[in-house]
Amino acid sequence: MARRYLQIVGTPAVLRAQEHYYGRSRKLTAAAEQDPLGPSEVAFIAERDSFYMATVGESGWPYVQHRGGPTGFLRVLGPTTLAFADYEGNHQLVSTGNLAGDDRVSLFLMDYANRRRLKLLGHARIEDAQAHPDLVEQLAEPSRQANVERIVVIDVVSFDWNCPQHITPRYSAAEVAAIVESLQKQIAALQGRLDGAGARPEKTADRPCP
Ligand SMILES: Cc1cc2nc3c(=O)[nH]c(=O)nc-3n(C[C@H](O)[C@H](O)[C@H](O)COP(=O)(O)O)c2cc1C
């Protein structure tokens, strides 16, 4: 866990809970204001095609929304800057509305296939798409640029990696297709060798009925 992350989530109540259950709490050491993303975090983010983003509403309730797009749609613009294009969607705008009152976000990025997960804390701001055509061009697929309503820019404060325990491996349709394609190539190669050896099995449909 990056130090700043531990400082932020290690509130007095959290430390009291640790003391209650384990007799001691994790020591909070001095931390920088922000932990910049390193090569591992940048590479991990670039491979994601979805993430979850939590915001806080005016009522104090936490709210989580799933975000999806082409691989790498959550773009790393700098060591502490992330951004993604937000398209016209269901017109609820819960995340957008929440961010107007409280800019804090918690991002949850999953790699189910490799059983890895990364959590990020940051401050998000909304930029209107019409005022930033350059960002729209940089962040959105050409075919969808006309539907971008806003850009969400996240100033990352810190991050935390979790251990793989309890993450059930799951594969996206694209990941399964890549695995199946390699198996199909092997089957075709083996079939070719069988054909070459003249050992192709007779098709049952061609057999005459008794
Ligand atoms: C036509 C349409 C397209 C959408 N495209 C995306 C998309 O590419 N990525 C995504 O995460 N959500 C997409 N959504 C979901 C919405 O954008 C949803 O409104 C958005 O997640 C808003 O969440 P919020 O209410 O928390 O702000 C789409 C919804 C609709 C109706």
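Atoms within a ligand are numbered from 1 in the order they appear, just like the ligands themselves.
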K.L.:
Tell me whether G69 reaches ligand 1 (any heavy atom closer than 4.0 angstrom to a ligand atom).
P.N.:
no
K.L.:
Students should be able to answer this: which protein heavy-atom is nearest to atom 30 (C) of ligand 1, and at what distance?
P.N.:
G89 CA, 3.6 Å
K.L.:
List the steps and the verdict of salt bridge (Lys or Arg N to Asp or Glu O under 4.0 Å) for D35 and R4.
P.N.:
CA-CA 7 Å; D35 290 309; R4 183 74 180 126; over 6 Å; no
K.L.:
Check this for me, if you would: do E88 and R150 make a salt bridge, where the nitrogen-to-carboxylate-oxygen distance has to be below 4.0 angstrom?
P.N.:
no
K.L.:
Identify the protein heavy atom lying closest to atom 27 (O) of ligand 1, giving its residue, its atom name and the separation to 0.1 Å.
P.N.:
S95 N, 3.1 Å
K.L.:
Say whether, by atom type as modelled, one donor and one acceptor occur between the side chain of R115 and the main chain of I167 under 3.5 angstrom.
P.N.:
yes
K.L.:
Would you call M53 a ligand 1 contact, heavy-atom distance under 4.0 Å?
P.N.:
no
K.L.:
Using the benzene-type ring in the case of Trp, are the ring centres of F51 and F73 under 6.0 Å apart?
P.N.:
yes
K.L.:
Using a distance threshold of 4.0 Å (strictly less than), state whether atom 16 (C) of ligand 1 has a protein heavy-atom neighbour.
P.N.:
yes
K.L.:
Indicate whether any N or O donor in one side chain lies under 3.5 Å from an N or O acceptor in the other, for Q191 and D195.
P.N.:
yes
K.L.:
Which ligand 1 atoms, with their elements, are less than 4.0 angstrom from a heavy-atom of H66?
P.N.:
11 (O)
K.L.:
Which heavy atom of V148 sits nearest a heavy atom of A129, and at what distance?
P.N.:
O-CB, 3.3 Å
K.L.:
Tell me which one of A140, G68, S50 gets a heavy atom nearest to atom 7 (C) of ligand 1.
P.N.:
G68
K.L.:
Among all the protein's non-hydrogen atoms, which is closest to atom 23 (O) of ligand 1, and how far away is it?
P.N.:
Q65 NE2, 3.0 Å
K.L.:
With heavy atoms of V94 as the reference, note each atom of ligand 1 found under 4.0 Å away.
P.N.:
24 (P), 25 (O), 26 (O), 27 (O)
K.L.:
What is the nearest protein non-hydrogen atom to atom 2 (C) of ligand 1, stated with its residue, atom name and distance?
P.N.:
E88 O, 3.9 Å
K.L.:
Is there side-chain contact between S172 and Y112, with at least one heavy-atom pair below 4.5 Å?
P.N.:
no
K.L.:
Please indicate, with yes or no, if any protein heavy atom is found under 4.0 Å from atom 12 (N) of ligand 1?
P.N.:
no
K.L.:
State whether a side-chain donor-acceptor pair under 3.5 Å links S95 with Q65.
P.N.:
no
K.L.:
For atom 5 (N) of ligand 1, grab the closest protein heavy atom and report residue, atom and distance to one decimal in Å.
P.N.:
R144 NH2, 3.2 Å
K.L.:
So is Y63 close enough to ligand 1, meaning a heavy atom under 4.0 angstrom away?
P.N.:
yes
K.L.:
Does N98 form a side-chain hydrogen bond (donor to acceptor under 3.5 Å, both in side chains) with E58? I'd like the steps, not just the answer.
P.N.:
CA-CA 7 Å; N98 284 354; E58 286 169 291; over 6 Å; no
K.L.:
Is atom 25 (O) of ligand 1 less than 4.0 angstrom from some protein heavy atom?
P.N.:
yes
K.L.:
For atom 19 (O) of ligand 1, what is the nearest protein heavy atom, given as residue, atom name and distance?
P.N.:
N90 OD1, 2.5 Å
K.L.:
So that I can tick it off, tell me whether R117 and D111 are bridged by a salt bridge, with the cut-off set at under 4.0 angstrom between side-chain N and carboxylate O.
P.N.:
no
K.L.:
Do Y5 and Q7 get their side chains close enough for a donor-acceptor pair, meaning under 3.5 Å?
P.N.:
no
K.L.:
For ligand 1, which atoms, with element, lie under 4.0 Å from some heavy atom of Q92?
P.N.:
25 (O)
K.L.:
Under a 4.0 angstrom heavy-atom cut-off, which atoms of ligand 1 come close to L93?
P.N.:
25 (O), 27 (O)
